[in-house]
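Here the structure comes first, spelled out in structure tokens, and everything after it is commentary.
Values in this document were obtained by computation on a predicted structure and should not be read as measured data.
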Amino acid sequence: MKIITDERCTGYSHPGHPERPERISRTIEKLRSQTDVPITWAKPVPAPDEALLRAHTADHIARLNDPHDFDTDTPWFPKIADYARASAGAALEALKAARAGENVFSLMRPPGHHATRQRAMGFCYLNNIAIAVLEALATGAKQVAVFDFDVHHGNGTEAILLNQPGAVFFSIHQFPCYPGTGRANAGNNCFNYPVPPQLPRAEYRHVLHSALEHLQSFKPGLVAVSAGFDAYARDPLAQETLEAEDYYWLGQSVRGLGVPVLSLLEGGYSDDLPELILAYLKGLDDR
């Protein structure tokens, strides 16, 4: 298992904000201390403008250097443009690793799936997964699927990839919940699976399984996973029911697709996040 991370991504924070540096630092500590999953470590390089501009406007990229908050959830920080570019670079490194046949997980912040082409929002500044998907399509991929199991709808990914030839998007998310989108399918390639709050685990798994079956019907040659761990029963930002065993099952299920897979960390705000990520990695690594 290749883990792409850079501890420098813990260098920004806002008091009381749930998207905090400990999400990464405690997970790195957990992964270094365990022996169940063999791990190799890699550091990202910043994403180049060419890759960013496939997913975002030049004005948006410039706006990341403007020292004003984006919204109440998404503050501006010194060097946030550099942090975001490194996180996007990790997504591109994960794409390369997946194409080389490696199991790979990008353990970086900031997350990305709420960022739209021209707006930072929902703790996200650049849309890492959309950047990776568009890079894949620009470099020979014929069909790429995004599987977003974060509890919040990947509105930014949907907006960027809407009707994009060669891309399909699947999001399984709580509704109603932030950001209030994802109630229905969109365009010809964005498929939404909204679930109500407090959906029993077995029913939630059934929805996830149905989405994966739907995804398989498109026969993608590559799958990019927006791996959010906030559908966990004790996550503070949603009201769902999943346990660590369900994330292990998700890892197994994604691996069972039988195509190259890259997974990028999105949300997950409970103190148990390191255990949830490890469970998912064990599933991905299950032979």
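- With contacts defined as side-chain heavy-atom distances shorter than 4.5 Å, the pair N163/N189 qualifies.
- Salt bridge status for R201 with E240: absent, with no side-chain N to carboxylate O gap under 4.0 Å.
- Just one residue in the list V225, L222, I4, V223 forms a side chain to side chain contact (heavy atoms under 4.5 Å, CB included) with L262, and that residue is L222.
- Smallest separation of non-hydrogen atoms from G267 and D150: N-OD2, 2.9 Å.
- Look at K96 and E93 and you find a salt bridge, because one of the NZ, NE, NH1 or NH2 atoms lies within 4.0 Å of a carboxylate O, short of that distance.
- The closest side-chain donor-acceptor pair between Y193 and H214 falls under 3.5 angstrom.
- Of the inter-residue distances, the one linking Q118 atom CD with H56 atom NE2 reads 9.5 Å to the nearest 0.5 angstrom.
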Q. Can you check side-chain hydrogen bond (donor to acceptor under 3.5 Å, both in side chains) on S87 and N128, steps first, answer last?
A. CA-CA 7 Å; S87 196; N128 307 317; 3.3 Å; yes
(Q) Could you walk me through whether L31 and I3 satisfy the side-chain contact (heavy atoms from CB on, under 4.5 Å) test, starting with their C-alpha distance in whole Å, then the side-chain angles of each, then the deciding distance to 0.1 Å, before giving a yes or no? (A) CA-CA 9 Å; L31 295 182; I3 303 293; 4.2 Å; yes
Q) Yes or no on side-chain contact (heavy atoms from CB on, under 4.5 Å) for W41 and I28, after CA distance, side-chain angles and deciding distance? A) CA-CA 10 Å; W41 299 87; I28 291 174; 4.3 Å; yes
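- With no hydrogens or angles considered, no side-chain donor-acceptor pair links D246 and Y204 at under 3.5 Å.
- A donor-acceptor contact under 3.5 angstrom links the side chains of S226 and E266, judged on distance only.
- By the 4.5 Å side-chain criterion applied to Ile, Leu, Val, Met, Phe, Trp and Tyr, F77 is assigned to a cluster that also includes Y12, L52, L53, I61, L64, F70, W76, I80, Y83, L92, Y125, L126, I131.
- Between the side chains of Y178 and D73, no donor N or O sits under 3.5 Å from an acceptor N or O.
- When the options F147, F191, F149 are evaluated for a ring pair (Phe, Tyr, Trp, His ring centres under 6.0 Å) with F170, the one that passes is F191.
- By the 4.5 Å heavy-atom criterion applied to side chains, R54 and E135 are counted as neighbours.
- Rounded to the nearest 0.5 Å, atoms SG (C190) and CD (Q164) are 10.0 Å apart.
- Between R23 and T10, the side chains place no donor N or O within less than 3.5 Å of an acceptor N or O (distance only, hydrogens not considered).
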Q: Go through the steps to decide whether R234 and D272 satisfy the test side-chain contact (heavy atoms from CB on, under 4.5 Å), and finish with yes or no.
A: CA-CA 8 Å; R234 286 165 289 287; D272 296 330; 4.3 Å; yes
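- Here the side chains of I129 and N127 are in contact, with some heavy-atom distance below 4.5 Å.
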**Q.** Worked verdict on H152 versus D230 for side-chain contact (heavy atoms from CB on, under 4.5 Å)
**A.** CA-CA 8 Å; H152 303 102; D230 36 12; 3.2 Å; yes
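- Of the candidates N192, V151, V207, H173 forms a side chain to side chain contact (heavy atoms under 4.5 Å, CB included) with just one, namely N192.
- In summary, the aromatic rings of Y248 and Y280 are positioned with their centroids too far apart to meet the 6.0 Å limit.
- Side-chain polar atoms of Q239 and Q174 form a donor-acceptor pair below 3.5 angstrom.
- A side-chain N or O of T181 and one of H153 form a donor-acceptor pair less than 3.5 Å apart.
- Comment: E7 engages R32 in a salt bridge, judged by a side-chain N to carboxylate O separation of less than 4.0 angstrom.
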